[in-house]
Amino acid sequence: MDTNTYDAIVVGARCAGAPTAMLLARRGHRVLVLDRATFPSDTLSTHLIHPPGVARLRDWGLLDAVLATGCPPITRYSFDFGPVTVAGRPRAAHGLRVAYAPRRTVLDKLLVDAAADAGAEVREAFTVDEVLVEDGAVVGVRGHGRNGRRVTERARVVVGADGRYSSVARTVRPVEYRRHGRLAANYYTYWSGLPVAGLEIVIRTLRAWAAWPTNDGLTLVVIAWPYAEFDANRLDVEGNYLKALEQEPAFAARVGEARREDRFHGGVVVNYFRRPFGPGWVLVGDAGYNKDPITAQGISDAFRDAELCAQALDAGFTGRLPLDEALRSYQEVRDAAVTAIYDFTLDLAALEPPPPEMQQLIGAMPGNQEAMDGFVSVMAGTVSPADFFAPDSVGPILEAAGAAAR
């Protein structure tokens with residue numbers, strides 16, 4: 001049985017794991033990345049990378065590679081609430097106001113290759129059978145590759161970047177907090193011949209859907225309905241998907257003229273925070289924090305957390321900070337960054353009519369481009385909901401609408 005020693009073993013090589021490995025390797029650390037998949041390969045995903053995530057790709061030197069795949073830019077976000085549509089362009093994040101939605105077959109391969117190019121050792125088609133714990137601390141993993149030969153690898157830290165059902169999290173059983181049960185079921189597929197004006201979001205009675213362009217001239221359309229309908233609706237996903245669109249006949253007609261190019265993908269998720277570190281282990285991405293995909297924050301969150309996690313591990317590995325102190329800061333910064341959008345996401349995912357004060361605000365925004373840009377920036381992750389919905393922000397919008405009506 002072979003045994004090696006690494007600074008970090010990263011379990012999971014997609015949007016959280018590969019960037020974490022890449023950033024650690026670029027800092028000179030010895031990193032092993034393991035994933036049961038081979039790349040390119042697909043996975044459930046909203047695909048959307050909001051402007052903060054796009055800025056990170058640029059800063060990491062990877063944005064040009066994404067653009068070279070022909071993935072179209074998304075510069076306009078719109079929310080169709082029925083009587084009112086709020087549309088605008090997100091405010092900038094680090095100088096960028098554009099989003100992209102690459103297929104995961106494209107994006108994940110680029111990220112894995114970037115980790116390898118940085119010096120990380122990448123093993124695809126590798127299954128982690130066991131996360132090793134000695135004296136209360138995680139010390140490595142045991143698993144096997146295609147040949148079936150079992151190997152043991154040891155590291156100073158094992159990073160769980162393996163999603164909601166993380167094997168690392170299952171082993172260490174981290175404390176969960178702010179947990180919220182399932183709210184919505186989400187299903188998507190791809191259509192050809194369905195042009196869209198950037199990101200189009202439609203909110204209707206107990207239904208919401210969104211459409212945006214991705215690679216190869218395709219448009220992704222995702223629909224959400226309440227979790228209470230999950231068991232009944234999954235017996236006929238296609239029929240219920242198309243029936244939902246009938247609440248907006250114009251959009252349904254556009255889809256009727258398009259061609260479906262794939263099966264339906266989807267399901268439900270639980271919303272939670274997990275304590276993301278402990279003796280010998282760290283969680284990053286969905287393994288440590290997850291929320292309903294209705295705001296499509298997952299990839300941008302994963303990029304941010306990868307950067308925070310790599311910075312914390314580097315500080316601990318180099319002795320600039322005690323490792324526990326650095327990782328505690330990682331958790332604090334992560335939680336501060338996402339608490340407001342987490343609450344906003346839960347509100348949207350409930351698929352209930354907006355409360356009266358929100359309806360008043362939505363009704364006040366059309367004709368006020370600055371206000372509409374601010375509202376769509378919440379979805380884009382460039383303005384915090386806590387800031388946009390603060391009284392000193394909402395007040396001027398309502399006052400301007402009142403003055404225009406007089």
Side-chain angles (χ1 to χ4, degrees), residues 46-59 63 71-81 84-101 196-203 208-213 222 289 291-305 307 333-349 354-355 357-401:
T46 61
H47 300 24
L48 264 173
I49 310 175
H50 293 297
V54 175
R56 286 189 166 86
L57 286 174
R58 178 201 60 195
D59 294 346
L63 181 56
C71 186
I74 298 170
T75 58
R76 181 181 185 271
Y77 288 43
S78 70
F79 287 79
D80 178 347
F81 292 99
V84 171
T85 295
V86 175
R89 188 176 184 190
R91 294 174 185 164
H94 307 287
L96 292 178
R97 302 177 67 185
V98 63
Y100 292 91
V196 287
L199 168 58
E200 299 183 11
I201 302 166
V202 181
I203 310 292
W209 62 89
W212 53 83
V222 57
Y289 157 68
K291 60 182 175 297
D292 192 277
I294 198 165
T295 50
Q297 299 292 316
I299 297 176
S300 296
D301 283 347
F303 288 174
R304 180 203 58 245
D305 291 354
E307 200 164 73
V333 174
R334 179 200 70 174
D335 288 7
V338 300
T339 293
I341 192 65
Y342 182 79
D343 292 337
F344 180 73
T345 299
L346 296 185
D347 288 343
L348 284 182
E357 60 272 18
M358 179 65 77
Q359 294 183 34
Q360 183 184 15
L361 175 61
I362 291 169
M365 284 190 282
N368 183 339
Q369 194 59 57
E370 182 179 358
M372 292 195 293
D373 288 349
F375 183 83
V376 303
S377 296
V378 172
M379 178 77 167
T382 62
V383 172
S384 169
D387 293 333
F388 182 78
F389 296 111
D392 60 352
S393 174
V394 169
I397 297 172
L398 297 176
E399 290 171 7

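Just so it is clear, the structure is predicted and the values come from calculations on it, not from any experiment. Heads up: numbering here begins at 1 and tracks the sequence.
Across Val54 and Ala99, no two heavy atoms sit closer than the pair CG2-CA, 4.1 Å. Leu48 and Trp212 make their closest contact through CG-CE2, 3.8 Å (heavy atoms, listed as atom of the first residue, atom of the second, distance). The shortest heavy-atom contact between Ala380 and Pro52 is O-CD, 3.3 Å. Closest non-hydrogen pair, Gly198 versus Pro213, comes out as O-CD, 3.5 Å. Heavy atoms only, all atoms of each residue included: Pro385 and Phe344 are closest at CG-CB, 3.9 Å. For Val84 against Ile362, the heavy-atom pair with the smallest separation is CG1-O, 3.7 Å.
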Test log, rule side-chain contact (heavy atoms from CB on, under 4.5 Å), inputs Val98 and Ile74: CA-CA 6 Å; Val98 63; Ile74 298 170; 5.5 Å; no
Pair Thr295-Leu348, side-chain contact (heavy atoms from CB on, under 4.5 Å): steps then yes or no: CA-CA 8 Å; Thr295 50; Leu348 284 182; 3.8 Å; yes
Trace of the side-chain contact (heavy atoms from CB on, under 4.5 Å) decision for Met365 with Asp373: CA-CA 10 Å; Met365 284 190 282; Asp373 288 349; over 6 Å; no
From CA spacing to verdict: side-chain contact (heavy atoms from CB on, under 4.5 Å), Leu199, Arg76: CA-CA 6 Å; Leu199 168 58; Arg76 181 181 185 271; over 6 Å; no
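Rounded to the nearest 0.5 Å, atoms CD1 (Ile201) and CZ (Phe79) are 3.5 Å apart. In this structure, the separation between CD1 on Ile299 and CD1 on Ile49 is 5.0 Å, given to the nearest 0.5 Å. How far CD1 of Ile341 is from OG of Ser300: 10.5 Å, rounded to the nearest 0.5 Å. The line from CZ of Phe389 to CD1 of Ile397 is 8.5 Å long, rounded to the nearest 0.5 Å.
Ion pairing between a basic and an acidic side chain is recognised when a charged N comes within 4.0 Å of a carboxylate O; Arg56 and Asp59 show no such pairing. Salt bridge Lys291/Asp301: present, at least one basic N to carboxylate O contact under 4.0 Å.
At least one donor-acceptor pair under 3.5 Å links the side chain of Thr382 to the backbone N or O of Arg91. In this structure a side-chain-to-backbone donor-acceptor pair under 3.5 Å is missing from Glu370 to Asn368. Checking side-chain atoms of Glu200 against main-chain N and O of Ala211 turns up no donor-acceptor pair under 3.5 Å. Of the possible polar contacts, one joining the Gln369 side chain to the Ala87 backbone as a donor-acceptor pair under 3.5 Å is found. Arg89 places no side-chain N or O within 3.5 Å of a backbone atom of Val376 that could act as its donor or acceptor partner. Using modelled atom types, one side-chain atom of Thr339 and one backbone atom of Asp335 make a donor-acceptor pair closer than 3.5 Å. Of the possible polar contacts, none joining the Gln297 side chain to the Thr345 backbone as a donor-acceptor pair under 3.5 Å is found.
You'll find the side chain of Val86 reaches within 4.5 Å of the side chain of Phe81, heavy atoms only. Contact annotation: the side chain of Tyr77 approaches that of Pro90 to within less than 4.5 Å [non-hydrogen atoms, C-beta and beyond].
Thr85 and Ser78 share no side-chain donor-acceptor pair at under 3.5 Å. Remark: the Tyr100 side chain and the His50 side chain contain no N/O donor-acceptor pair separated by less than 3.5 Å.
Relative orientation of the Tyr342 and Tyr289 rings is tilted, given thresholds of 30° and 60° on the angle between their planes.
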